[in-house]
Structure formats: structure tokens, C-alpha cells
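Protein chains get the first letters and strands the later ones, always in sequence-line order, with residue 1 at the start of each. Keep in mind that what you see is a predicted model, and the values were worked out from it rather than measured.
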Number of protein chains: 2
Amino acid sequence: MRDVARAAGVSAMTVSNTFKYPERVQPETRQRVLEQALELGYVPNLMAGNLAAGESRVIGGTIPSIRNSSFYKYVLGMQRAVSEHGYKLVLMLADTMAQERAAVEALIGLRVAGLVLVGTDHDRLTVSLLGKVGLPVVESWTRGPVMDMGVGFDTSEATRQAVRLLLREGRRRVALIIHDGPASRRFVERIPAFQEEMARAGLSGDLVHAVPVSDGFGSGAAALDALLASAPDLEAVICPTDIVAAGVVFECQRRGIQVPKQLAVAGWGDYEIGREMTPQLTTICPRSEIMGSQAIELLVERVQGRIRGPRLADTGFTLIERASTQQVMAEAAT
Amino acid sequence: MRDVARAAGVSAMTVSNTFKYPERVQPETRQRVLEQALELGYVPNLMAGNLAAGESRVIGGTIPSIRNSSFYKYVLGMQRAVSEHGYKLVLMLADTMAQERAAVEALIGLRVAGLVLVGTDHDRLTVSLLGKVGLPVVESWTRGPVMDMGVGFDTSEATRQAVRLLLREGRRRVALIIHDGPASRRFVERIPAFQEEMARAGLSGDLVHAVPVSDGFGSGAAALDALLASAPDLEAVICPTDIVAAGVVFECQRRGIQVPKQLAVAGWGDYEIGREMTPQLTTICPRSEIMGSQAIELLVERVQGRIRGPRLADTGFTLIERASTQQVMAEAAT
DNA sequence: GGCGGTCATTGTAGCGCTACAGACACAGGT
DNA sequence: ACCTGTGTCTGTAGCGCTACAATGACCGCC
């Protein structure tokens, strides 16, 4: 900074102001400073700046995996919102709670202005740490209870709507596939909603099967295999993601089971593949991008002191009905 | 830090050492400090630390999009390698050159130890800036020429191998689909290799069609449409990604074109969908995870002064032959 | 008993920047 | 001539930490 100041014939403070408060310095002076900065390859040291100012315009986020296209849109939403507010978004990967804890510590170490985490399953230490440092935190993909603020939609209601759709189409023997494993507890929430809705129709909600996240399409094949073994009269499945649903459909094609005629398949997440494959997948669209931007909005408002206390934003969902669950005329329509 | 020091009855320096050089302080003292830190929710301020020490253990990365599963593995590889070396990885999204420039500036501002960028297409200012600050940079998914260091594989050779495979299977009318748009210039490299290899077999290499990245599966349908319009006798297509290849296959299913019998379809990237769909996709496997970890290895070695000067690591590729291009017995084998 | 060596711990200076208060020039009003 | 205000620029102190040198305390050895 000193070099730039000298080169431009001004004081260090003027260089600082040029970058932080451009309107405080005269256009010509600013111009001269910027030219010299460019010439010398000077980029203000954010670390020193934030240290001195005691605040940062960086928001941290952890993402459990970048495999899914829902997360893609979710991150896009966050990115768009941070840009609009003049913040930066830095992301760290966290597939396990231990990794999440390490990521959160690093981000606190960077003294980010706020944090966006996925879900409500966190290490005890992570939670107590966040409580102590008092950093604004948004938990996404959840309806709570949250540490501080949350964004998400009602997955129980979404599950119930999916069940009702299948029942309306005349299916009786309906199964629910979920994911299990350390980072997947959020799928478990869907079970009671599924069972309640089945019970309300006088049906059994015992066909629940869990598969690991990591197997992707393969999970669909495995789940179908297991479900058909215990229920050969299976008529419909609700999958944890469109990926699994696609896996189920592909496996049906291999086995000669007709979808949707013999088996209705509902997905979750409105992935691209669901729109493109044949038959197209019925799915729950989570409006991930809005969830991402909403998370940032909450954070920014909190940082700016415009809101305080716990918040929980409902970003809604849509049940998109497509060919994979439609009993009648499904093939004729193509 | 002072509070922790007071609470543990030691000096601030001892607290600092406890975190930065645990072996320098006696186990009991260390224990006492760590307890107090946990109690008070103290996390060392990385910014102040890095500022004082003049170095950081953070590596920055930009990713153009987190839509693809190749990038998923690539990022996983980087993450694994940074953990092994005691570094942190912070990621920023950059879909356009302008966004990349902003991300690079922010990361330089954070005074990261090194940077991993995707591809060699960068804003002029980004390149000159990186040159001036002298930060170690790895460009990935490329064979150069690079600013500093690079990792990647020979996409021309991969293209040639794909063409040869199709010719061996007896296809003559072969098309190449690529992506275009600002962030996709790397696909263009494949064109000369395609045309050369076709010419070598005495065939025309004029069937080259570009589609936008953003349309996903839809690009496949669009490309097939355009190609069939100009060449109804089309026998094979090489796609820029497995997503596009899947889109082509889905479109063929809609139109009643048999794959691979009437049309051979080769993908690129070894995405999950290519293994799971029917027919399975022939594809170029880029070994993305190794590319990610190799990028970090280069950076760490450079930072530690064990290597200097330009580097270009070849992480190789594999041509995986599956049903979507096999002329004979393709259906009988299922 | 004095000396060097080792080890745990501690002061001090300074990393690069910004908040804040002050300085200085100039305009306009009285 | 004096004051007030405005707009632009500058000096100083200090953000939280670490490098480095320095301080003791203790040990073993001649």
C-alpha cells in the first residue's frame, strides 16, 4: 500500500480510502491511485483490512457434497445474493460432521460475517462453539429447530402430498425409500409423514427402505431389489432423490417392469434428469435457488441489525406431476 | 487470546504457541490452555495470525460450476490432498471470466498460499495480476500453455481415440458435438483432433455442432435435431459430456432411433448416469480426482520450495468402451 | 561452585490496514 | 477580518496475532 501511495504521490490513507470509500476521494486522485495499483499489481490485503476494521464482508458456507443439482442451484442462489449485497461467498466442503466442524472453525478463524450450514445435524462442539462466538448462522434445508436462523420447506407436507398423489392414482402398495448414513438424518423426517398418510387411507406404511447416499443410481436398483423381495405386489415408490428414482426406472427397464403402468415412481428434488428421461419423473421441486438466496438475505439483515432473534423462512415447494406416476394414458400421451 | 491467557494463567505467547506449535509447550500447560479456549469459545483469528506470520495455510480454488459430477470428484481430490498437507481449501464460484476475476482478487486479498483455477481461459487482467503478485497458480483441465503450473490430460488424444473406436466399429458418418459460450473454449481444442483423425480415414470431419452448456440434457436433443437435419445418414456422435450423450440417447428413444444399432453415442467424463442408463455409455474417463489432488500436490511443493519453474502434470485418461457404441450383439448382451 | 546446555515460557516489535480526529484550503456570509 | 462550513487529504493508534530474542529455571559435568 505504501508503494502505491508513494507512486501516486498521496498518503497511505488516501489509497485505503480509494478502495474502501471511493466517494471520499476526488475522481482524479482516485484514478491516479487505481492506475498505480494496477501497475504494481496491488490487491488490498483483506486480512489486514478486516483485522483493522473488525468486520468482514465475507460469508462462509459449507456444502455436504456438490454432486446434486439441487445443491448447484442452492449455491447459485447464495452466490447471486451475496453479490447483490457486496459480500463474497467462500465455500468449504464438509461431507461428515467432523469435516463440517473443521470447516466451521476455519471460517470462524477467517472471521466471516456469517455462516450458512446445511441441515441441523451438527457436531455438539460445533453448536456450542457457534453459540459462544455469537456468529449469525443460517441452517438451510430444514424447518428447525435451529440454532439461530433457518430456511427450508416442509418435507413432511411434501411427503404427504406425494403419498396422496399416488393414492389418487389408485396405487395401494406404496413404499418409501430414504437415505441413511451419518450426513443423511434429514431423510428420516419423511417416515412419520409417510406412515401417517398411509394410515389415514387405511394402508400399511411398513414399506420403508434405506439405501446409502453414495451409490447414486445404484441405490435405486438396490432398493427396488429389496422392496420387491419383501413386497412382490409393489405398486409405487417414493424416492429420496431423482437420482434414486432414475435408478429405479433404469432397473425396471432392465427387468421389463413397465413404468408407470406396473410401478409408479416419484422422485425428489426436480433434477434435470427427471425432466429429460422417459418417462419423465414426478418430483418435489424444492426451489433450491430461492433457499440459497433467502439464507443470504437473512444473514445480511442480521449483520446489518435489521432483524434479531430466531427466524425460520419457509421457501416452499411444488409437487410436479409428470408421466412416471400417471396411471392412465401415460404411453399414449408421448 | 488475552482472556484465554489470563484464564489459564499463562502469557499470550503461550496460548499462541499452544495452537501453532503444540510441541513447544508442556502437555499440562497445553491442556489447561485448550480447556480454557473451549470454555470461552476462542478460535484463533486466522487473519491476524496470517498477517503476523506473513503466510497462510489456505489454498483457494475457483470452480466454474458445481453441476458436473467430474467436478465433484475433482474437488474431492483437492479436498483430500489439502487435508493431508494440513492446508484448508476455500472455494469460490466463478462461471464467467468476470466472476473468476472477482474471485481471484478476493482470494489474493485473503492472501491464500496458492490458487487452483479451471482451464486456461482467463481475463487479461487476472493473468497480469497473478503474474505481478507472483502467487503459485495451478491451472487444471489443461495441457497448457499455462501461467505457472498445470494439470490435465491430452484431450486431443482422447478425441482421436474416441474417433478411432467408432471407425473400428464400422461407423463412417461421425459427428462431434461441443459446447460453446464464454467459459467453454476448452471444448474447441477437440475439433482439430477430430478432423485430423477423420481425414486420416479418408472421411469428412465437417459434422461439428456446438450447443450451449446450460441446457443440460436438452442440449443433446437440440444437437441431434440439428445434426440429423444436415446429415440424415448420421451413424455416430461424440458428445462433450455424458449429460449431452444421455440427452442424445433419450431423444433417440423418443424418436424411435435405436442406440447403438442405428446410432453410436460416445460421452465424455464418466458420469454416473453413463454407467446406469441403458445402454451404458462409452466415455472418456478423465480421472478427475487425481487431477484435483495432483493440483494441490504441485502447489504444496511449490510453496515449500521443493520445485520451481513451470510444471505440467499429465494425469491421463481412459477410454471406457460400453454398449452405446458397440455395433454387434449390443442388445443380445443385455 | 561455576559453566554451558536445554527447555518452557515471556516481552517486544511489527505484519498491513482502517477508524478517527485533525489539518488545511477555499467559499461564502457577516 | 472573522467565523462557519465543506470537501479533501493526512498522521496516529491499534486491530490480534507471531517471529524472535531474551529470561529464568533446572540439569549435569568438570
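Under a 3.5 Å cut-off, the side chain of A:Ser56 and the backbone N or O of A:Asn50 do not form any donor-acceptor pair.
Between B:Phe19 and B:Tyr42, the ring centre distance stays below 6.0 Å.
Within the 4.5 Å cutoff, no side-chain heavy atoms of B:Val82 are placed close to those of B:Val300. Side-chain atoms of A:Ser288 and A:Tyr72, non-hydrogen and from C-beta on, never get closer than 4.5 Å to each other. Side-chain atoms of B:Tyr74 and B:Pro286, non-hydrogen and from C-beta on, never get closer than 4.5 Å to each other. At a threshold of 4.5 Å between non-hydrogen side-chain atoms, the residues A:Leu117 and A:Met147 count as touching. Looking at heavy atoms from C-beta onward, A:Met291 lies out of side-chain contact with A:Arg287 at the 4.5 angstrom threshold.
Distances shorter than 4.0 Å separate some side-chain N or O of B:Thr29 from OP1 or OP2 on C:dT9. Distances shown here put a side-chain N or O of B:Gln26 below 4.0 Å from the OP1 or OP2 atom of C:dT9. Proximity of A:Thr14 to the phosphate of D:dT10: a side-chain N or O atom is located under 4.0 Å from OP1 or OP2.
Partner A:Val151 forms a side-chain contact (heavy atoms from CB on, under 4.5 Å) with one of A:Arg143, A:Glu139, A:Gln294 and no other, that one being A:Gln294.
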Seminar exercise, completed: For nucleotides 13-21 of chain D, 5' to 3', base contacts (B), sugar-phosphate-only contacts (S) and non-contacts (-) with protein non-hydrogen atoms under 4.0 Å give -BBBBBBB-

I'd like a table of atom pairs between the protein and nucleotides 22-27 of chain D - only N or O on both sides, under 3.5 Å - with the distance next to each one.
none

